[in-house]
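For reference, the structure is listed below as structure tokens.
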Amino acid sequence: MRHMRNRSGFFTFELIFVLSACMFLMPAAFACLKLLIPLTEFNEEIQDEIALCQLRHILIVSDSFRITPQEVHFIYHEEENVLRFVNNHLILSPGTQIILSDISGIVFSGSGEILVLKYSREGRETERVLVHV
């Protein structure tokens, strides 16, 4: 029969080794997490582009456009819809679907057969093409 070795300290050695490895890797992990923090901040420009993309999907399948500088009337799913500026928001009606929020002004223009939206927020003016009418 073989002699059974005394291995009572083996688990403790492994635990100490793992804890020391974690201790040495923590600064690197925190440095990586610190780089990711700015990515979690809210970016209004990205949110605007997503909202305008969703609006473009609605406008592409719509027809009978009437464009004024402050409103756009169109037919979507056989129902009259209005896109207008109300209380610093670009609203799609009927109902109240907020497309853009916290903007200081908008102007719709139909240059040729293209519907263009110009809006301003915090002193920055942005111009986006919405749809070919």
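Nothing fancy with the numbering, it's 1 onward along the sequence.
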In this structure, which one of Thr96, Val82, Leu83 forms a side chain to side chain contact (heavy atoms under 4.5 Å, CB included) with Ile91? Thr96

Single-linkage hydrophobic cluster [X]~[Y], side-chain heavy atoms < 4.5 angstrom:
| X | Y | result |
| --- | --- | --- |
| Leu52 | Val61 | yes |
| Val131 | Val116 | no |
| Ile99 | Ile60 | yes |
| Val107 | Val72 | no |
| Val86 | Ile98 | yes |

Measure the spacing between [atom1] of [X] and [atom2] of [Y] and express it to the nearest 0.5 Å.
| X | Y | atom1 | atom2 | answer |
| --- | --- | --- | --- | --- |
| Ser104 | Phe85 | OG | CZ | 6.5 Å |
| Ser62 | Ile75 | OG | CD1 | 8.5 Å |
| Ser109 | Leu115 | OG | CG | 7.5 Å |
| Arg84 | His73 | CZ | NE2 | 6.5 Å |
| Glu44 | Leu100 | CD | CG | 10.0 Å |

Taking atom CG as the centre, does Asn87 end up with more than 12 heavy-atom neighbours from other residues, nucleotides or ligands that are less than 6.0 angstrom away? no

What's the verdict on side-chain contact (heavy atoms from CB on, under 4.5 Å) for Leu90 and Ile106, showing C-alpha distance, side-chain angles and the deciding distance? CA-CA 8 Å; Leu90 180 61; Ile106 64 162; 3.7 Å; yes

Please report the closest heavy-atom contact between Arg56 and Leu130, naming both atoms and the distance. CG-O, 3.1 Å

Can you name the nearest heavy-atom pair linking Asp102 to His89, along with the distance? N-ND1, 3.6 Å

Stepwise, does the salt bridge (Lys or Arg N to Asp or Glu O under 4.0 Å) test hold for Arg128 with Glu49? CA-CA 9 Å; Arg128 293 289 182 260; Glu49 291 302 322; 2.6 Å; yes

Apply side-chain contact (heavy atoms from CB on, under 4.5 Å) to residues Phe74 and Ile58 and explain how you reach the verdict. CA-CA 10 Å; Phe74 57 94; Ile58 293 170; 4.1 Å; yes

Give the intermediate values and the outcome of side-chain hydrogen bond (donor to acceptor under 3.5 Å, both in side chains) for residues Tyr119 and Asp48. CA-CA 11 Å; Tyr119 66 95; Asp48 290 349; 3.2 Å; yes

Counting C-beta onward and ignoring hydrogens, is there a side-chain heavy-atom pair between Glu127 and Leu117 closer than 4.5 Å? no

Does Pro94 reach the side chain of Asn81, with side-chain heavy atoms less than 4.5 Å apart? yes

Run the salt bridge (Lys or Arg N to Asp or Glu O under 4.0 Å) test on Arg121 and Glu45 for me, step by step, so that the C-alpha distance in whole Å, both residues' side-chain angles and the decisive distance to 0.1 Å come before the verdict. CA-CA 10 Å; Arg121 178 186 285 134; Glu45 293 175 5; over 6 Å; no

Please assess Tyr76 against Leu59 for the test side-chain contact (heavy atoms from CB on, under 4.5 Å), listing each intermediate value before the final yes or no. CA-CA 8 Å; Tyr76 176 66; Leu59 294 175; over 6 Å; no

